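None of these values were measured; they are calculated from a predicted model. All heavy atoms count here, side chains included; hydrogens, waters and symmetry mates do not.
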Amino acid sequence: MAHAAHDHPLRRALPLFLLAGLALSSLDATAKYLTRDHSLFLVVWARYAGQMLVVTPWAWHRAGPGFWRTRRLRLQLVRSAFLLAATMCFFGGLRFLPLAEGSAITFLALIFIVALSQPVLGERPTRARVVASIVGFIGILIILRPGSAVFHPAVLLLIATALTHSFYSMYTRKLADEDPRTTLFYSALVGTVAMTPFLPWVIAGDVPTLRDSALFVLLGVLAGLGHWSLIGAYTLAPASMLVPFTYVQMLWATAYGYAIFGQIPDGWSAVGMAVIVAGGVLLALQERRRVRAG
């Protein structure tokens with residue numbers, strides 16, 4: 001009976017979590033497509049402005065007109081700034097690198113979280129987390145080997161993505177006592193406000209086609225849907241149960257990379273990606289066992 005009780009929240013949360021993965025992978029593929037012909041600043045602005053248009057009425061409807069009030073304003077702003085930095089670096093790096101391998105490198109964030117969890121969160125990393133980090137690092141070294149498709153200076157942007165995203169994740173945990181709708185709103189607000197002043201410079205001479213305009217709108221919808229689904233999933237089930245399914249995003253990234261850009265990982269890159277997934281899944285299983293034992 002205890003086993004069934006544990007699995008019940010996962011059954012409700014998993015569809016939302018998988019939907020989030022699909023939405024965010026679709027967001028990445030759309031952004032990579034748009035940065036080929038449009039300014040990076042315009043693509044990032046559209047991603048946050050669109051999310052704000054999606055999230056604001058939803059948060060108002062669900063939490064009332066005071067949905068924007070926060071007791072942790074400074075933390076909300078710092079967390080949102082890290083998310084914006086991660087987005088800028090990731091979209092910038094994807095302009096030059098394959099989608100699947102590029103997405104895999106961002107899983108370095110797990111290693112940074114293990115390394116920084118004690119100074120930032122005051123948490124000692126468990127032995128399982130340290131082992132998983134080493135395994136993941138080996139996987140990333142395999143992908144980054146000389147001669148690979150990602151042996152390119154732009155990979156530094158993806159490493160910066162992983163670092164800034166790790167801080168974003170840790171600050172998200174520090175905001176666990178805040179209403180998630182408020183946190184989601186600030187994520188969109190900070191990105192929109194920070195990018196809007198650049199619009200006069202990036203729009204000059206950049207007239208999107210009707211199809212690209214629709215894709216710019218889609219960016220915001222996918223961002224709002226993805227982050228809303230993630231929050232819903234984490235509300236229904238513990239993170240330790242859901243983490244193994246994060247790696248499904250690598251499958252989506254590989255599928256989009258092949259279907260849209262004609263890119264497919266070579267043999268060694270596929271091995272590196274498999275090693276990263278193995279390290280993450282083993283860690284998640286260990287964490288799940290720890291949660292149940294506790």
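We find the OH-CG distance between Y186 and L83 to be 15.5 Å, quoted to the nearest 0.5 Å. Atoms OG and CD, from S269 and Q263 in turn, are 11.5 Å apart once rounded to the nearest 0.5 Å. In this structure, the separation between CG on L251 and CG on L22 is 11.5 Å, given to the nearest 0.5 Å. Note that CZ of F91 and CG of L219 are 6.5 Å apart. Values are rounded to the nearest 0.5 Å. Put simply, CG on L144 and CD on E101 are 10.0 Å apart, with the number rounded to the nearest 0.5 Å. Note: M273 CE to I140 CD1 = 11.0 Å, rounded to the nearest 0.5 Å.
T182 and R69 are not linked by any side-chain donor-acceptor pair at a separation below 3.5 angstrom, with hydrogens and angles left out of the test. Side chains of T87 and Y48: a donor on one and an acceptor on the other come within 3.5 Å. With no hydrogens or angles considered, no side-chain donor-acceptor pair links T30 and R47 at under 3.5 Å. One side chain, T196 or W45, offers a donor N or O that lies under 3.5 Å from an acceptor on the other.
With a 4.5 Å cut-off on side-chain heavy atoms, P208 and H38 count as touching. A heavy-atom distance below 4.5 Å is found between the side chains of S166 and L163. Considering only heavy atoms from C-beta on, R71 comes within 4.5 Å of D177 through its side chain. At least one side-chain heavy atom of Q51 sits under 4.5 Å from a side-chain heavy atom of S187. Counting heavy atoms from C-beta outward, W252 and V248 have side chains that approach closer than 4.5 Å. Residues M170 and L116 have side chains in contact (heavy-atom distance under 4.5 Å, counting atoms from C-beta outward). Counting heavy atoms from C-beta outward, M195 and L42 have side chains that stay 4.5 Å or more apart. A 4.5 Å side-chain heavy-atom check between L222 and L24 finds every atom pair outside the cut-off.
Heavy atoms of other residues, nucleotides or ligands lying less than 6.0 angstrom from CG of L73 number more than 12. Surrounding CZ of R36 are more than 12 heavy atoms belonging to other residues, nucleotides or ligands, all under 6.0 Å away. By the 6.0 Å contact criterion, CH2 on W60 is open, its count of non-hydrogen atoms from other residues, nucleotides or ligands being 12 or less.
Judged purely by atom type and a 3.5 angstrom limit, K32 has no side-chain atom pairing as donor or acceptor with the backbone of F96. Although no hydrogens or angles enter the test, the distance criterion places a donor-acceptor pair under 3.5 Å between the side chain of T164 and the main chain of T161. Between the W68 side chain and the P65 main chain, a donor and an acceptor come within less than 3.5 Å of each other. The backbone N or O of L77 sits nowhere less than 3.5 Å from a side-chain atom of S80 that would complete a donor-acceptor pair.
Annotation for L236 and A13: closest pair CB-CB, 3.8 Å, computed over non-hydrogen atoms.
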Would you sort out whether D28 and L94 count as a side chain to side chain contact (heavy atoms under 4.5 Å, CB included), showing the intermediate values?
CA-CA 8 Å; D28 297 340; L94 281 186; 4.2 Å; yes
Checking ring pair (Phe, Tyr, Trp, His ring centres under 6.0 Å) for the pair F261/Y256: CA distance, chi angles, key distance, verdict?
CA-CA 7 Å; F261 307 104; Y256 277 129; 8.9 Å; no
Side chain to side chain contact (heavy atoms under 4.5 Å, CB included) between F90 and L158, worked out:
CA-CA 6 Å; F90 187 52; L158 297 186; 3.5 Å; yes
Give the C-alpha distance, both sets of side-chain angles, the deciding distance and a yes or no for side chain to side chain contact (heavy atoms under 4.5 Å, CB included) between W228 and V54.
CA-CA 10 Å; W228 172 81; V54 172; over 6 Å; no
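The ring of F167 has its center no closer than 6.0 angstrom to the ring center of F112. Ring centers of H61 and F67: at least 6.0 Å apart, outside the cut-off. F198 and F41 have their aromatic ring centers within a separation under 6.0 angstrom.
Exactly one of T183, D179, L184 qualifies for a side-chain contact (heavy atoms from CB on, under 4.5 Å) with R181. That residue is D179. For the side-chain contact (heavy atoms from CB on, under 4.5 Å) criterion with I143, the lone passing option out of V271, V155, V275, I276 is I276.
Of the charged side-chain nitrogens involved, at least one lies within less than 4.0 Å of a carboxylate oxygen, so that D266 and R145 count as a salt-bridged pair. With respect to R72 and E178, no salt bridge is recorded, no charged nitrogen being found less than 4.0 Å from a carboxylate O.
Criterion: ILVMFWY side-chain heavy atoms under 4.5 Å apart, direct or through other members. Under it, V277 and L18 are part of a common hydrophobic cluster.
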